[in-house]
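Sharing a structure, written as structure tokens. Questions coming.
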Amino acid sequence: MVHLVGSLTDCCVIGNRCDSFAPDGMSVMSTSQFTPRVFSGIQPSGGLTLGNYLGAMKRFVDMQDAGTHETIYCMVDLHAITVAQDPKDLAHNTRELCAGFIASGIDPEKSVLFNQSQVPEHAQLGWIFNCVARMGWMGRMTQWKDKAGKNAEQASLGLFAYPALMAADILVYHATHVPVGEDQKQHLELTRDIAAKFNHDYGVDFFPITEPVIEGAATRVMSLRDGTKKMSKSDPSDLSRINMTDTADAIAKKIRKAKTDPEPLPEALDGLDERPDARNLVNIYAALAEITPQQVLDQHAGSQFGTFKPVLADLAVEKLAPIGTEMSRLMEDQAEIDRILARGAERGREIAAPILAKTLEIVGMVR
RNA sequence: AGGGGUGUAGCUCAGCGGUAGAGCAUCGGUUUCCAAAACCGACGGCCGGGGGUUCGAUCCCCUCCGCCCCUGCCA
């Protein structure tokens with residue numbers, strides 16, 4: 001709460017300062033004049049995996065606990081419907097993702113936690129950004145080209161405009177930092193382009209040029225069946241992934257059946273260069289134990305997988321099963337989850353509303 | 001909008017009047033330090049929807065819907 005009050009004050013300061021910047025088109029853009037604030041959005045598309053946990057959730061918790069930035073975490077349901085969604089699944093997935101956040105250690109009082117559609121400022125700023133972004137920029141997005149492909153005629157307009165809404169998600173909070181994986185780097189670039197163009201076109205220094213927070217190398221969790229492919233909720237084999245909702249038995253079984261090779265674990269990391277499946281298990285162990293992959297090898301060099309796997313399975317069960325249990329406990333009280341989301345949205349709006357209001361004023365909307 | 005093509009297992013496709021098959025994928029077993037590979041086995045389909053012809057339709061006819069390609073039209 002303290003954070004929130006502080007940030008509101010800062011927002012107003014930023015807003016006011018903006019007028020004095022207006023005549024000075026040359027002003028150097030810097031994030032230093034903005035409240036340090038992390039925003040991250042995750043699509044509630046269902047099926048939280050170990051990859052999501054180690055690659056995103058766990059880091060979100062670390063950022064929250066570091067206390068150096070305000071942290072805003074958002075379930076982007078408006079993005080989810082750029083592709084067809086079953087309404088019941090969408091609602092369920094949103095609540096389950098919320099449960100996942102909390103079970104993983106996100107404190108809804110420390111962080112701002114909500115679903116996107118409950119903060120209408122996202123969509124409102126999104127429209128303005130639709131008018132800032134250029135068709136050409138969007139057409140160049142590799143994710144658009146990948147997802148729409150040759151069926152672009154079939155894709156929704158929303159899928160095309162997606163990156164502009166994402167820019168709004170970030171900038172409606174004047175977020176200074178966004179954790180990004182490889183796949184989102186280009187979208188963040190576009191967010192920066194939109195902020196810069198807006199600032200330039202209106203002669204203001206209103207939106208920050210958001211910085212990426214690059215994710216660590218070891219956080220890429222690969223498929224348990226094919227160490228060269230990313231662990232994915234859409235893989236046809238459920239044995240290829242560990243779901244956050246898996247039981248202890250399921251987790252143990254999946255690790256036991258994970259693909260490996262016949263060699264023992266090496267002493268040095270470069271011994272894993274040509275062994276993606278082995279490297280993946282070592283990386284997973286390291287991430288779960290919160291040690292480096294080299295430290296894993298220090299402890300287990302020479303081990304065959306017949307002995308390493310049970311140790312890894314025990315560790316995974318110890319770390320993950322409680323999260324899954326807590327998720328299902330939370331899911332039993334839907335009203336409580338909805339209450340948390342509503343409260344998060346309220347706090348989100350307290351930050352976003354003044355920024356949107358100032359944006360509208362800059363653009364020339366009569367208030 | 002007109003012409004052509006197409007719609008069968010999760011995917012790629014075969015069948016074409018007697019209520020369906022292959023490969024791959026998935027799952028299980030044997031094997032193996034655990035896995036992989038190999039072998040064995042299992043699961044799996046209102047054959048796009050509706051109507052009609054027929055003793056009987058995935059197969060023929062009508063109609064609707066979806067998708068692909070070509071041509072055209074509108075802005």
Margin query: Using a 4.0 Å heavy-atom cut-off, does A:Leu239 contact any base of the nucleic acid, only the sugar-phosphate backbone, or nothing at all?
Written below: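 Sugar-phosphate, backbone atoms only, no base.
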Item checked: side-chain N/O A:Lys259 vs B:A37 OP1/OP2, d < 4.0 Å ->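 The answer is no; no side-chain N or O of A:Lys259 sits under 4.0 Å from OP1 or OP2.
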Check: Can you tell me if the side-chain N/O atoms of A:Ser237 get under 4.0 Å from OP1 or OP2 in B:A25?
Finding: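 No, no such contact exists.
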Notebook entry, point to check: What about A:Thr260, does its side chain sit under 3.5 Å from the base of B:C34 through a donor-acceptor pair?
Noted result: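 Result: at least one qualifying N/O pair found.
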Notebook entry, point to check: Is A:Pro310 touching bases, backbone alone, or none of the nucleic acid, heavy atoms closer than 4.0 Å?
Noted result: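 Touches nothing.
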Margin query: Once you apply a heavy-atom cut-off of 4.0 Å, does A:Lys254 come out as touching a base, just sugar-phosphate, or nothing?
Written below: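 Nothing, no heavy atom under 4.0 Å.
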Note to self: Counting neighbours of NZ on A:Lys230 that are heavy atoms of other residues, nucleotides or ligands and sit closer than 6.0 Å, is the number greater than 12?
What the structure shows: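 No, NZ of A:Lys230 has 12 or fewer neighbouring heavy atoms, counting only those of other groups under 6.0 Å.
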Next item on the list: Establish, with yes or no, whether the OP1 or OP2 oxygen of B:C27 is under 4.0 angstrom from a side-chain nitrogen or oxygen of A:Arg225.
Entry: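 Yes, A:Arg225 has a side-chain N/O under 4.0 Å of OP1/OP2 on B:C27.
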Next item on the list: May I ask you to say what A:Asp277 touches in the nucleic acid, namely base, sugar-phosphate or nothing, with a heavy-atom cut-off under 4.0 Å?
Entry: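 It contacts nothing in the nucleic acid.
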Margin query: Let's see if you can work this out: which of B:A25, B:C33, B:G28 has an atom nearest to the side-chain heavy atoms of A:Lys253?
Written below: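 The closest nucleotide is B:G28.
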Note to self: Could you check whether A:Gln64 and A:Asp107, counting side-chain N and O atoms only, form a donor-acceptor pair closer than 3.5 Å?
What the structure shows: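 Result is no, nothing qualifies.
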Note to self: A quick test of your reading: do over 12 heavy atoms of other residues, nucleotides or ligands sit less than 6.0 Å from CD of A:Gln299?
What the structure shows: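 Enclosed.
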Next item on the list: For A:Gln143, enumerate each residue passing the side chain to side chain donor-acceptor pair (under 3.5 Å) test, keeping only those at least two apart in sequence or located in another chain.
Entry: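 Partners of A:Gln143 under the side chain to side chain donor-acceptor pair (under 3.5 Å) test: none.
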